[in-house]
Enquirer: 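Just dropping this structure here.
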Amino acid sequence: MKTFKIGLMGCGMIASYGHLPAIMETDGLTIHALYDPNEQSLQHEARRYSVPHAYSDLDAFFASGIDAVVICSPAPSHLQNFIDVAAHNLPILCEKPLAMDAEEGQTMIQIMEDQDLMVAVGFCYRFSPCALKIKELIQQDAIGDVRSMRLIYNWDCHGKYYKPDPLNQPDFWIEDPRRRGRMDEGGPMVDCGTHQIDLARWWTQSNVSRFQSHAAWVDDYEAPDHVWVHMDHDNSAHTMVEMSYSFGHTTKDRISHFLYEIIGTKGMIRYDRNFSHFELRNEHGTYQLEYHEEKNFHGMYEAFYEALSTGELGNLCSVEDALEVTRIARTATTNLIENRHGLSVV
Ligand SMILES: NC(=O)c1ccc[n+]([C@@H]2O[C@H](COP(=O)([O-])OP(=O)(O)OC[C@H]3O[C@@H](n4cnc5c(N)ncnc54)[C@H](O)[C@@H]3O)[C@@H](O)[C@H]2O)c1
């Protein structure tokens with residue numbers, strides 16, 4: 001079995017809890033080198049996962065002998081990281097959202113085509129055994145034609161406040177920079193909602209022909225922190241995606257709400273994370289299905305190994321699909337900001 005040496009750019013939260021452990025547990029992949037301009041984050045992850053090479057210097061990172069690169073930096077850095085990796089002709093797995101806007105996306109597509117680069121986007125929800133099962137059930141006609149989907153994720157995005165030094169200053173709270181960072185990058189629909197928009201298109205294999213968005217500003221960031229997008233698909237299905245970053249964001253006890261409901265002409269599928277519940281109902285009865293979490297980084301890396309070996313993306317998200325998903329989420333959000341308190345129709 002060939003082994004691919006992976007280099008990872010951006011040693012933050014998602015690299016630490018998602019990518020690095022998943023790369024390490026995937027046969028055929030080894031984590032060879034890290035890059036991060038922040039020396040503290042870099043050394044922390046290098047030590048934590050015993051990564052042999054760690055650089056805050058780009059040339060040294062690319063000279064370390066890596067076969068492919070995973071981009072886990074914040075979204076505004078993705079384009080520059082992409083350009084740097086492409087200059088070394090290496091395959092890429094990039095975190096979502098791929099690009100900040102359509103112009104950046106077109107630049108990426110141009111580079112990818114000119115250099116015949118393999119690029120996949122890290123939509124890890126696709127690899128949850130439940131998401132894969134939903135796709136299979138729809139393909140097997142277990143619920144007939146999909147007509148309506150409700151995809152909901154309401155949470156606090158780590159909460160509005162946190163204690164930077166709980167040991168020495170137990171009563172000192174500041175605004176959590178992670179939540180502000182996500183809001184500054186576009187808010188819940190652009191950040192988390194892209195997963196749900198991607199699933200809706202991928203499950204139904206149907207493009208979105210038009211969409212409308214609505215929002216509430218629970219906090220006063222520029223972007224709305226509670227957003228609804230209603231999408232009509234080419235195949236006549238309708239999807240409602242609801243995303244909030246202000247669901248209990250100042251409450252003492254945390255709460256979240258995560259739901260998929262897929263309603264077809266002959267039945268329905270229901271996935272409710274709050275109750276670890278996953279079921280199919282149709283004319284034959286009600287079937288309790290095996291529950292799994294909504295994300296699966298390991299499954300995504302098994303698919304990345306296959307893609308590196310065969311050149312085929314398989315279930316990995318293509319750049320074209322990722323850009324369409326980002327376009328929907330970002331246009332919906334931008335329209336809402338421009339027409340605050342109004343209705344946007346595209
Ligand atoms: N798939 C998911 O479910 C999921 C969840 C959370 C975040 N994300 C995405 O992952 C990406 C990173 O999010 P995060 O929460 O880990 O962010 P983070 O802020 O915790 O970490 C980002 C890291 O990137 C580093 N960095 C900054 N500029 C860089 C550059 N130019 N090149 C390389 N590294 C750079 C920072 O120093 C930091 O260590 C974002 O695109 C975010 O949307 C995905």
Side-chain angles (χ1 to χ4, degrees), residues 7-23 33-49 51 54-62 66 69-85 92-101 104-105 108 120-128 131 153 155-158 162 176-199 223 243 245 256 258 273 293-301 303-304 316-317 322 325-326 329-330 333:
L8 181 142
M9 305 177 87
C11 303
M13 191 263 296
I14 200 65
S16 186
Y17 94 75
H19 292 265
L20 289 167
I23 294 167
L34 301 179
Y35 165 77
D36 198 302
N38 179 319
E39 195 65 37
Q40 201 182 346
S41 311
L42 178 73
Q43 296 306 336
H44 185 265
E45 295 312 313
R47 270 195 308 276
R48 183 169 182 189
Y49 291 104
V51 183
Y55 307 100
S56 53
D57 176 79
L58 266 184
D59 292 336
F61 173 72
F62 286 115
I66 47 184
V69 173
V70 177
I71 299 176
C72 294
S73 58
S77 305
H78 288 177
L79 176 62
Q80 189 55 53
N81 290 158
F82 191 102
I83 290 169
D84 292 336
V85 181
I92 297 173
L93 175 63
C94 182
E95 254 302 345
K96 44 60 50 185
L98 178 65
M100 292 299 283
D101 54 36
E104 281 195 7
M108 288 168 161
V121 184
F123 281 99
C124 57
Y125 283 38
R126 287 189 180 196
F127 298 93
S128 163
Y153 187 19
W155 68 301
D156 63 0
C157 192
H158 311 292
Y162 91 120
D176 193 326
R178 287 178 300 176
R179 185 164 177 280
R180 173 162 285 282
R182 293 291 168 263
M183 288 307 303
D184 288 346
E185 286 172 21
M189 196 53 74
V190 172
D191 188 18
C192 285
T194 46
H195 283 294
Q196 272 72 2
I197 297 170
D198 176 59
L199 287 177
M243 289 283 135
Y245 275 180
S256 67
F258 189 107
R273 193 179 75 181
E293 283 184 1
E294 78 276 10
K295 294 186 185 188
N296 182 2
F297 285 94
H298 177 49
M300 182 171 76
Y301 275 101
F304 192 50
L316 288 165
C317 183
V325 162
T326 305
R330 216 170 258 294
T333 301

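All values derive from a computational prediction rather than experimental measurement. For ligands, and for the atoms within them, numbers begin at 1 and follow the listed sequence.
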Enquirer: Would you tell me whether N296 and S128 have side-chain atoms, one donor and one acceptor, within less than 3.5 Å of each other?
Expert: no
Enquirer: Atom 19 (O) of ligand 1: protein heavy atom closer than 4.0 Å?
Expert: no
Enquirer: Consider side-chain contact (heavy atoms from CB on, under 4.5 Å). Of I92, V85, V70, L34, which one does M9 pass it with?
Expert: V85
Enquirer: Can you tell which of N38, L34, D36 gets a heavy atom nearest to atom 38 (C) of ligand 1?
Expert: D36
Enquirer: Picking from D191, T194, T326, what satisfies side chain to side chain donor-acceptor pair (under 3.5 Å) with K96?
Expert: D191
Enquirer: Assess H78 for proximity to ligand 1: is some non-hydrogen atom of it under 4.0 Å away?
Expert: yes
Enquirer: Take D36 and S41 through the test side-chain hydrogen bond (donor to acceptor under 3.5 Å, both in side chains) and record every step on the way to the result.
Expert: CA-CA 7 Å; D36 198 302; S41 311; 4.7 Å; no
Enquirer: With backbone taken as N, CA, C and O and side chain as the heavy atoms from C-beta onward, which portion of E95 lies under 4.0 Å from ligand 1: side chain, backbone, both, or neither?
Expert: side chain
Enquirer: Considering only the protein, which heavy-atom contact is closest to atom 35 (C) of ligand 1, and what is its distance?
Expert: P37 CD, 3.5 Å
Enquirer: Below 3.5 Å, N or O to N or O, backbone or side chain included: is there any such pair between E185 and ligand 1?
Expert: no
Enquirer: I'd like to check whether N81 has a polar contact with ligand 1, where a contact means an N/O of the residue lying under 3.5 Å from an N/O of the ligand.
Expert: yes
Enquirer: What distance separates E185 CD from R182 CZ, expressed to the nearest 0.5 Å?
Expert: 5.0 Å
Enquirer: So, Y49 side chain and S16 main chain: donor-acceptor pair closer than 3.5 Å or not?
Expert: yes
Enquirer: Output the list of atoms in ligand 1 that are nearer than 4.0 Å to some heavy atom of C124, sorted by atom number.
Expert: 1 (N)
Enquirer: Report yes if some N/O of A15 lies less than 3.5 Å from some N/O of ligand 1; otherwise report no.
Expert: no
Enquirer: State, to 0.1 Å, how close H195 and G122 come at their nearest heavy-atom pair, and which atoms those are.
Expert: CE1-O, 4.2 Å
Enquirer: So if I count the atoms of ligand 1 from 1 in the order they appear, which ones are less than 4.0 Å from some heavy atom of D191?
Expert: 43 (O)
Enquirer: Measuring from atom 26 (N) of ligand 1, which candidate in S77, P74, G12, G18 has the nearest non-hydrogen atom?
Expert: P74
Enquirer: Indicate the ring-plane relationship of W155 and Y153, choosing parallel, tilted or perpendicular according to the 30° and 60° boundaries.
Expert: parallel
Enquirer: Pick, from S73, S16, C72, the option with the minimum heavy-atom distance to atom 40 (C) of ligand 1.
Expert: S73
Enquirer: For atom 6 (C) of ligand 1, what is the nearest protein heavy atom, given as residue, atom name and distance?
Expert: I14 CD1, 3.6 Å
Enquirer: Quick test: of every protein heavy atom, which one is nearest to atom 3 (O) of ligand 1, and how far off is it to 0.1 Å?
Expert: K295 NZ, 2.8 Å
Enquirer: Has the side chain of T333 got a donor or acceptor atom that lies under 3.5 Å from a matching backbone atom of A329?
Expert: yes
Enquirer: Under 6.0 Å from the CD atom of E39, do we count more than 12 heavy atoms belonging to anything else shown?
Expert: yes
Enquirer: Please tell me whether Y35 and Y55 form a close aromatic pair, meaning their ring centres lie under 6.0 Å apart.
Expert: no
Enquirer: Which heavy atom of the protein is the closest neighbour of atom 9 (C) of ligand 1, given with residue, atom name and distance?
Expert: K96 O, 3.4 Å
Enquirer: By number and element, which atoms of ligand 1 are closer than 4.0 Å to a non-hydrogen atom of A75?
Expert: 41 (O)
Enquirer: Would you say ligand 1 has an N or O under 3.5 Å from any N or O of Y125?
Expert: no
Enquirer: Does ligand 1 come near enough to M13 that some N or O of the ligand is less than 3.5 Å from an N or O of the residue?
Expert: yes
Enquirer: Which atoms of ligand 1 are found less than 4.0 Å from any heavy atom of P97?
Expert: 43 (O)
Enquirer: Given R178, E294, R182, which has its nearest heavy atom closest to atom 17 (O) of ligand 1?
Expert: R182
Enquirer: Please check this pair: side chain of H78 against backbone of A99, looking for a donor-acceptor N/O pair closer than 3.5 Å.
Expert: no
Enquirer: Nearest protein heavy-atom contact for atom 2 (C) of ligand 1: which residue, which atom, what distance?
Expert: H195 NE2, 3.5 Å
Enquirer: By number and element, which atoms of ligand 1 are closer than 4.0 Å to a non-hydrogen atom of Y35?
Expert: 32 (N), 33 (C)
Enquirer: Centres of the H158 and Y245 rings: under 6.0 Å?
Expert: no
Enquirer: Only heavy atoms of S41, strictly under 4.0 Å: list the atoms of ligand 1 that pass.
Expert: 39 (O)
Enquirer: Salt-bridged, D198 to R126, with N to O below 4.0 Å?
Expert: yes
